[in-house]
Amino acid sequence: MRTLLAAFLLVLCPVLSVADTPGQINSPDRANSPNRIVSVGGALTEIIYALGEQGRLVGSDTTSYFPPEAEALPKVGYQRALSAEGILSLRPDTILMNDEAGPPPVLKQLAASKVRLVSLPSATDLDGIRRNIRAVGALLDVPGTADALLQTFDKTVADLTAVTARQSDRPRVLYMMNHGSGSPMVAGRDTSADSIITLAGGQNVVDGYTGYKPLTPEAAAAHAPDVILVSTRTLEQAGGMESLLRIPGLNLTPAARNRRIIPMDDLLLLGFGPRTPAAALDLNKRLHSQ
Amino acid sequence: MIDALSLSHAVGSKTILDQVSLQARPGEILSILGPNGAGKSTLLKCLAGYIRPTRGQVRLDGRPIQDIDLSELARRRAVLTQQIALNFPFTALEIAAMGRTALAGNEPPSNALAIAREALSLTEVSHLADRPISSLSGGEQQRVHMARVLAQLWGQESACLLLDEPTSALDLKHQFRLFDLCRSLCDKRGFAVVVILHDLALARRVSDQTLLLRGGQAFACGSSASVITPQAISDLYEIHSSQVMI
Amino acid sequence: MTTLTRRLTVTFQDKPEQRLRIILGGLGCLLFMAGALSVTVGALSLDLAQILSGSLTEFDQSVLFSIRLPRILLAATVGAALGISGAAMQGLFRNPLADPALIGITGGAALAVACVIVLAGTVSGYLGLYGLGIAAFVGGIASSMVIMRIARFSGTFSVTHMLLAGIAINAVTFAGTGFLTFLSDDQQLRALSFWTMGSLGGALWEPVLVCLTIVIPCLFVLIRKSRDLNLLLLGEENATYAGLDTHRLKRAIVITASLCVGAAVAVSGIIGFIGLVVPHLIRLLFGSDHKLLIPASALFGASLLVLADTVARTVVAPTEMPVGILTSLVGGPFFLWLLVKQSRLKP
C-alpha cells in the first residue's frame, strides 16, 4: 500500500522522480564485500575471472563468453534487454554492470529491490581499463590481486609500445561488421575499433565521420585499405573469406587483392578488458606479417 | 408527410435529378418506377434526408428535413435500403432490436426486445428470431430488416416509410403480405409509404400514386391507374407497346 | 464450451442484462485467477499463502511490490487496451479481421521510437527512463491523427479513405523505420528489434498508473458507445436512418482506440494479435453485441496477456522472452485457423 501511495505521489510530481533516476548508484564499498554477483558486460566478467574471484559469480549476461567457463554461468539475457526478476531470482547481493546495461526501467526496478547496483563506465582506452580493474578489485576487496593484474597488464602495454615505437609504417585498416542483411557497417572515429587499431600501430582509413556507418561500395574502394579487420562472427555470417572478398567495393581494395583479411573475436578486439594489450599486440603482429 | 419541391441533384457535372416534385400523403402508398439509372434511389435518399439535393427542398411534416436532428428524424421516418451486408453473427432478433437503438429517450433493453419480437411476427419471421442473420435466405433477411424498420417507427402515428425495392428477394406470397402490411399501416396509423418498385402490375395494384422517372425527370405523376398505362410504359422504357404486359 | 454458451444464450433469451452479468462475472473470475497464478509464478516463486499472510521476506516483498505487481497490472491494462481497441476497430471497419494497426498507431510509434534510439543518442535521467514511451505515444497518436485528417479530406469522414490512408501511412512509417534501421549500429539495432518484439519487463508504478488513467476512461467511453457500434455495423447509411450521428461516433471511436493503443505501445512496445484475436474469440463464444463484446474483450484481453506474460517470464528464466513473440507465435496459427474455418462456413 505504501508503495502504491508513493507511486501516486511520483505521478503527481515528476520532479521528484528526476532525482531518483538510476544514474546515481551506490558506490563500491570495501567494508562489506559481495559474495553473490551478477556481472553484466563481457569486460567486467573477464576482470572478475582474471582476479580469480569467479567463485562469487552467480550469473552473467550473454556478452560474457570469455573465458569459456563463463558461458556456463546462468545467463540473464542481453545486456540491454535485462529482466529484473530473472536477475533477482539468482539472489545476488550485488549487480555489477557497465553503463550500457538496460533498459532504464529495469535498472529502476532493480534499484527498488535494494540489491546493490554497481555501474562502471565502459572503458574506451587503457586508462579506462585500469580504472575498472582497480574498481572491481576494490569492490571484491582484493586490491592486492588487482595490483598484480595491473602489473601484468602494464608489462604487456610496455611490450606493445616498444614494438610499435620500432615500426615506421602504419598499415591502413578498415574495420567492418555485418549485422544480418544490408550493407556492412564500417567503423569511423570515436569507436572502440578505431581505438584498438591505433593502439596496435595501425591507422583507421575512415576519418571522415564518427560512429558506425553503412559502407557504400565506392567509398570502400576509395579508402583503399591495406587490411580489412572483421569480427569472426561477421566473417561467418558473410559465408567465409571468399564471399567476403566478393562484396562489391571491397573486391577493389588492396586488402582484397592481397587477401589480407584479419578475423578477430569481437569481445577480444573491442571489449576493452584485461586482454586488450595482448589483443593489440596480436593485431600488431598480424598487421605487419606480410 | 413528405413534400419534395423541385429537387435537383448533380454530382460534378452529371445531373441525376432534375426538378422533381412529389408529395407523400398520410394513408397513401406512392410508388416510384423507372428504368435503371433514372435516379430512383437518389430521389429516395433525398427524401430520407441522407443526401442534400443541390437545389430544391424536402419537407417532413412541414419542416425542412435538414433542420430536424437525426434522432427525431428516426422517429418520423424509416428507410429500408436494398442490400445490407453484415459480416457479424447477429441474430434476427438483435437486428430487429437495432431499430430502437439510437432513438432519443432511454428505453430499457427488454422493451426494445419486446417490440422487436412483435415486429418480427408482423413480417412473419418470428420463428427465425434466434438464428444468425447470415444463415437466413435473402428473402428472410429482407423481412428481418423490414421488421427492424417497423420497430423503429413503433407506436408512431402518420410517420413515413421509405422502401427501396423491398420485394426484390420475396416470393409472390410475401410480396402481397408486405403490401397488406403497408396498407394496414396506412389505414390504421396514417403512415405515408414511398416505395421503389420494378414490377408494374404490382405497383398498379398496390399503390395509390405513382411517379414515373426517366433520366432524372418526372415523366408522369398521378394516380397509379391513370399513370401506369401501356402507352406510358412503352414510352418510358422505350419498348414496343405490344410487349407491355400490365 | 460451446454447449455452455448455447445454454447461456437460451436460458437468458429475454434477460440479456442477466446473461451479460454472468458472462462478465465469469471473465472477471478468469482475470482474477490469472492474476493470482501470475503473482506466485516467476523466475522467483512466491507462495500465495505467504503473500496473503504477509510473511514474505523483505527481499521477496520488494520483488513483489516493485517488480511483479506493477508488471501484472501493466499486463492486464495493456491486454485490456488492445482488446477493446481491436473490438472497436473491427466494429468501425465493419470487418472482423480489422486490427488497431490499421489506423497507423503502431507504425507511427515504431518510427518515433526508431528516431529516438538511432538519432537521439544516449539520453539519461527522466528522458532516458521514459523517453521511448513518450516518443511511442506521441508518434502513434500523431500518425493516427494524420490518417483521420486525410479521411476527412473528402468532406465526410469516410471509412474507406481512412483504410487507404492507414495503409499508405503505414507504408511510409515502415519505410522510415527501415531507413533508420539501416543507419543504426549493432546496439541500436538490437534495442530497436527488442522494442518491436514487445515486452512488459519495464513495468514501473508510474507508467502503469499513467496507462491506467488513459485506458479506463476510454473503456467507459467505448462501453457507452457499444449500442451505437452495433448499429454502425448495418452500414453508415442505415445507421444514419436509424438516428445515429455516424461522424461523431467514428471520430470518438478512432480517438479512444488511438489513445488506448498509443498508451499500450508506449509502455510495452508492439504486442501483436491480442487486438485481433480477443474480440474474435469473444464473438465466437458469446455473439457480436458490442454491449458484451467491449467489456468482455477488456477482461479477456487482460487475462490473456497476464497469462502470456507469465509464460514469457518463466520459460527461459533467468532471462525472459519478449511477450510479443509469444502472442504472435500463438496468435498467428490461430488467425490462420479462423480464416480456414470462416471460408469453410461460407458456401
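Please read these numbers as outputs of a predicted model, since none were measured by experiment. The figures that follow rest on heavy atoms only: side chains count, while hydrogens, waters and symmetry mates do not. Each chain gets a letter, A, B and so on, in the order the sequences are listed, and its residues count up from 1.
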Grab the two heavy atoms, one from [X] and one from [Y], that are nearest each other, plus how far apart they are.
| X | Y | value |
| --- | --- | --- |
| C:Arg227 | B:Arg100 | NH2-O, 4.4 Å |
| C:Leu234 | B:Ile95 | CD2-CD1, 4.4 Å |
| C:Ala242 | B:Ala102 | O-CB, 3.5 Å |

(request) Against chain C, label B:Leu73 side chain, backbone, both or neither, depending on which of its atoms sit under 4.5 Å from a heavy atom there. (result) neither

(request) Check each atom of B:Ala114 against the heavy atoms of chain C and say whether the ones under 4.5 Å are side chain, backbone, both or neither. (result) neither

(request) Enter the distance from C:Glu236:CD to B:Tyr50:OH here, rounded to the nearest 0.5 Å. (result) 5.5 Å

(request) Please round to the nearest 0.5 Å and tell me the distance separating atom CG of C:Asp289 and atom CZ of B:Phe90. (result) 6.0 Å

(request) Might you work through the side-chain contact (heavy atoms from CB on, under 4.5 Å) test for C:Asn238 and B:Arg148, ending with a clear yes or no? (result) CA-CA 11 Å; C:Asn238 282 296; B:Arg148 168 176 63 80; 3.8 Å; yes

(request) Could you tell me whether the side chain of B:Gln152 and the main chain of C:Tyr241 form a donor-acceptor pair under 3.5 Å? (result) yes

(request) Taking the side chain as every heavy atom from C-beta outward, state whether B:Thr101 and C:Asn230 have any atom pair closer than 4.5 Å. (result) no

(request) Report yes if the side chains of C:Thr240 and B:Leu70 come closer than 4.5 Å at any heavy-atom pair, otherwise no. (result) yes

If you count heavy-atom pairs under 4.5 Å between each of [options] and chain B, which one has the most?
| options | value |
| --- | --- |
| C:Gly287, C:Ser288, C:Ala239 | C:Ser288 |
| C:Leu244, C:Asp228, C:Leu231 | C:Leu231 |
| C:Arg94, C:Glu237, C:Gln90 | C:Glu237 |

(message) Looking at B:Gln66, I want to see if its CD is surrounded by more than 12 non-hydrogen atoms of other residues, nucleotides or ligands under 6.0 Å.
(response) yes

